[in-house]
Peer 1: 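Shown below is the structure under consideration.
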Amino acid sequence: MWRRVVSLPPLLSSSNSRRLNQVIQHSQFVLLRFLSVKFWRDSVTLFNPQVQVAYGFNASQVFSTQAEEGVSGARRKPFVTFVLGGPGSGKGTQCTRIVNTFGFTHLNVGDLLRKEIYSDSENGSMILDTIKEGKIVSSEVTVKLIKNSIEANENSRILVDGFPRSEENRIAYERVVGVEPDIVLFFDCPKEEMVKRVLNRNEGRIDDNIDTVKERLTMFSELNLPVIKHYSKKGKLHKIDGTGTEDEIFERVLPIFAALR
Ligand SMILES: Nc1ncnc2c1ncn2[C@@H]1O[C@H](COP(=O)(O)OP(=O)(O)O)[C@@H](O)[C@H]1O
Ligand SMILES: O=c1ccn([C@@H]2O[C@H](COP(=O)(O)OP(=O)(O)O)[C@@H](O)[C@H]2O)c(=O)[nH]1
Ligand SMILES: [Mg+2]
């Protein structure tokens with residue numbers, strides 16, 4: 001199109017025509033450069049992790065969402081389930097079943113913290129001491145680990161196992177992540193049964209001993225039960241009888257997720 005315009009005017013002398021041609025070619029070059037720099041800048045911005053964090057998305061999520069949702073392209077936030085219950089109540093065991101049946105991703109927060117101990121991170125020794133004592137690791141550390149894991153995850157369904165363990169944990173999560181969980185499971189189990197299970201767990205955990213489990217049960221009653229009450233008031237809580245065989249308990253879990261399909 002540019003060339004056609006240039007070749008049009010017999011009204012111009014050949015030197016004027018050449019000059020006009022040069023001007024137009026230069027304009028074309030400037031325009032192309034402008035467009036390619038703009039495209040490059042937009043791409044860099046989109047893939048910049050800080051920008052992604054600021055806007056609460058990552059590029060892979062944007063693109064997978066577009067694939068999932070067709071034309072709308074709006075980001076769909078993951079469906080997050082918090083899984084709560086005392087030590088040994090069967091959270092991890094039932095999460096594995098939910099993953100296998102409903103395709104969730106399992107974020108075991110205790111495991112995330114234990115990984116920090118073995119990865120020589122700056123918080124490793126503090127986390128080790130806290131777990132050994134049966135206390136709760138500071139929200140600053142835990143929420144960051146959870147947020148990073150959720151952001152790195154491509155699955156739209158996530159189980160957060162063993163968090164929040166206190167109201168302070170819950171409030172920090174909601175402030176940093178910016179959303180509440182969609183539903184909350186609570187495996188309700190008598191203390192004697194929980195102690196029996198923990199002492200038989202046999203996974204070589206430093207906190208699976210009678211002194212730590214006693215402290216964990218105190219922490220559970222004082223700090224975790226208020227979180228459970230909070231979600232109950234909000235209508236998000238599914239209280240599940242955590243006694244009986246693993247199969248029997250999973251039978252109680254099934255309808256909760258089947259209803260979401
Ligand atoms: N219904 C059950 N009956 C007996 N033992 C169980 C049951 N569910 C889980 N366990 C066992 O109890 C221990 C604690 O279960 P786990 O899933 O790790 O609980 P949590 O994550 O709540 O601490 C594990 O050794 C597990 O195999
Ligand atoms: O959000 C969490 C989850 C775990 N922990 C620590 O990690 C320990 C083990 O947690 P895990 O969920 O692995 O134990 P479980 O309840 O499954 O026995 C807890 O006692 C706490 O010391 C914590 O501080 N905050
Ligand atoms: Mg567990």
Peer 1: Taking only residues two or more places apart in sequence or in another chain, which ones pass side-chain contact (heavy atoms from CB on, under 4.5 Å) with Lys144?
Peer 2: Asn148
Peer 1: Ile158 versus Ile150: any side-chain heavy-atom pair under 4.5 Å?
Peer 2: yes
Peer 1: Please evaluate residues Val109 and Phe82 with respect to the criterion side-chain contact (heavy atoms from CB on, under 4.5 Å), reporting the C-alpha separation (whole Å), side-chain torsions for both, the decisive distance (0.1 Å), and the verdict.
Peer 2: CA-CA 11 Å; Val109 179; Phe82 283 170; over 6 Å; no
Peer 1: I'd like to know if Lys239 pairs up with Asp188 as an ion pair, taking the criterion as any Lys NZ or Arg NE/NH1/NH2 lying under 4.0 Å from an Asp or Glu carboxylate oxygen.
Peer 2: yes
Peer 1: Would you say the side-chain atoms of Arg197 pair up with the backbone N or O of Ser89, donor to acceptor, closer than 3.5 Å?
Peer 2: yes
Peer 1: Is there a donor-acceptor pair under 3.5 Å between the side chain of Lys91 and the backbone N or O of Gly86?
Peer 2: yes
Peer 1: Any side-chain heavy atom of Ile210 sitting closer than 4.5 Å to one from Lys214?
Peer 2: yes
Peer 1: When you compare the side chain of Pro164 with that of His230, does any pair of heavy atoms fall below 4.5 Å?
Peer 2: no
Peer 1: Measuring only between side-chain heavy atoms, which start at C-beta, is Glu180 closer than 4.5 Å to Lys234?
Peer 2: yes
Peer 1: Mind running side-chain contact (heavy atoms from CB on, under 4.5 Å) on Ile249 and Thr93 for me, showing each step along the way?
Peer 2: CA-CA 10 Å; Ile249 300 167; Thr93 305; over 6 Å; no
Peer 1: Are the ring centres of Phe257 and Phe104 closer than 6.0 Å?
Peer 2: yes
Peer 1: Just do the side-chain contact (heavy atoms from CB on, under 4.5 Å) check on Arg175 and Ser139 with the steps written out, would you?
Peer 2: CA-CA 11 Å; Arg175 179 170 39 81; Ser139 299; over 6 Å; no
Peer 1: Answer yes if Val184 and Phe187 sit in the same cluster of Ile, Leu, Val, Met, Phe, Trp and Tyr residues linked by side chain heavy atoms under 4.5 Å apart, and no otherwise.
Peer 2: no
Peer 1: Let me know which of Val253, Leu107, Leu159 forms a side chain to side chain contact (heavy atoms under 4.5 Å, CB included) with Cys95.
Peer 2: Leu159
Peer 1: Under 3.5 Å, is there a donor-acceptor pair between the side chain of Asp182 and the main chain of Thr81?
Peer 2: no
Peer 1: Met126 versus Glu116: any side-chain heavy-atom pair under 4.5 Å?
Peer 2: no
Peer 1: Going only through I, L, V, M, F, W and Y residues with side-chain contacts under 4.5 Å, is there a path from Leu185 to Val160?
Peer 2: no
Peer 1: Is there a donor-acceptor contact under 3.5 Å from the side chain of Asn100 to the main chain of Thr96?
Peer 2: yes
Peer 1: So which heavy atom on Gly242 is nearest to which on Cys189, and how close?
Peer 2: O-SG, 3.7 Å
Peer 1: Taking the side chain as every heavy atom from C-beta outward, state whether Phe186 and Tyr231 have any atom pair closer than 4.5 Å.
Peer 2: no
Peer 1: As an exercise, state the distance from CD of Glu133 to CG of Leu128, rounded to the nearest 0.5 Å.
Peer 2: 9.5 Å
Peer 1: Is the backbone of Ile240 close enough, under 3.5 Å, to the side chain of Arg252 for a donor and an acceptor to pair up by distance?
Peer 2: no
Peer 1: Between Lys196 and Glu192, does any NZ, NE, NH1 or NH2 come within less than 4.0 Å of an OD or OE carboxylate oxygen?
Peer 2: no
Peer 1: Give, for atom CG of Asn169 and atom OG of Ser138, the distance between the pair rounded to the nearest 0.5 Å.
Peer 2: 9.0 Å
Peer 1: Quick check: do Glu174 and Arg170 have side-chain heavy atoms less than 4.5 Å from each other?
Peer 2: yes
Peer 1: Distance-only, no hydrogens or angles: does the Glu193 side chain make a donor-acceptor pair with backbone N or O of Pro190 under 3.5 Å?
Peer 2: no
Peer 1: Examine distances only and state if a side-chain atom of Asn224 and a backbone atom of Leu84 form a donor-acceptor pair shorter than 3.5 Å.
Peer 2: no
Peer 1: I'd like to know if Arg97 and Asp247 make a salt bridge, using a cut-off of under 4.0 Å between side-chain N and carboxylate O.
Peer 2: yes
Peer 1: Would you say Phe163 and Phe220 are hydrophobically clustered, going by side-chain heavy atoms of ILVMFWY under 4.5 Å?
Peer 2: yes
Peer 1: Would Ile206 and Val195 show up in the same hydrophobic cluster when neighbours are defined by side-chain heavy atoms closer than 4.5 Å?
Peer 2: no
Peer 1: Does Asn202 CG have over 12 foreign heavy atoms under 6.0 Å away?
Peer 2: no
Peer 1: Please find the pair of heavy atoms, one from Thr212 and one from Ile131, that lie closest to each other, and give the distance.
Peer 2: CG2-O, 3.6 Å
Peer 1: Flag the pair Phe102 / Phe79 as yes when their ring centroid distance falls below 6.0 Å, and as no otherwise.
Peer 2: no
Peer 1: Are Ile183 and Val99 connected into the same hydrophobic cluster when the rule is that any two of I, L, V, M, F, W, Y join if their side-chain heavy atoms are below 4.5 Å apart?
Peer 2: yes
Peer 1: Please check this pair: side chain of Gln94 against backbone of Glu246, looking for a donor-acceptor N/O pair closer than 3.5 Å.
Peer 2: yes
Peer 1: Apply side-chain contact (heavy atoms from CB on, under 4.5 Å) to Ile127 and Thr130, showing your working.
Peer 2: CA-CA 5 Å; Ile127 295 172; Thr130 311; 5.6 Å; no
Peer 1: Please check this pair: side chain of Ser121 against backbone of Ile117, looking for a donor-acceptor N/O pair closer than 3.5 Å.
Peer 2: no
Peer 1: Around atom CD of Glu203, are there more than 12 heavy atoms of other residues, nucleotides or ligands at under 6.0 Å?
Peer 2: yes
Peer 1: I want to check something: taking the side chain as every heavy atom from C-beta on, are Val137 and Asn123 in contact at a cut-off of under 4.5 Å?
Peer 2: no
Peer 1: I'd like to know if Asp111 pairs up with Arg114 as an ion pair, taking the criterion as any Lys NZ or Arg NE/NH1/NH2 lying under 4.0 Å from an Asp or Glu carboxylate oxygen.
Peer 2: yes
Peer 1: Just verifying a value: how many Å separate Ile256 CD1 and His238 NE2, rounded to the nearest 0.5 Å?
Peer 2: 5.5 Å
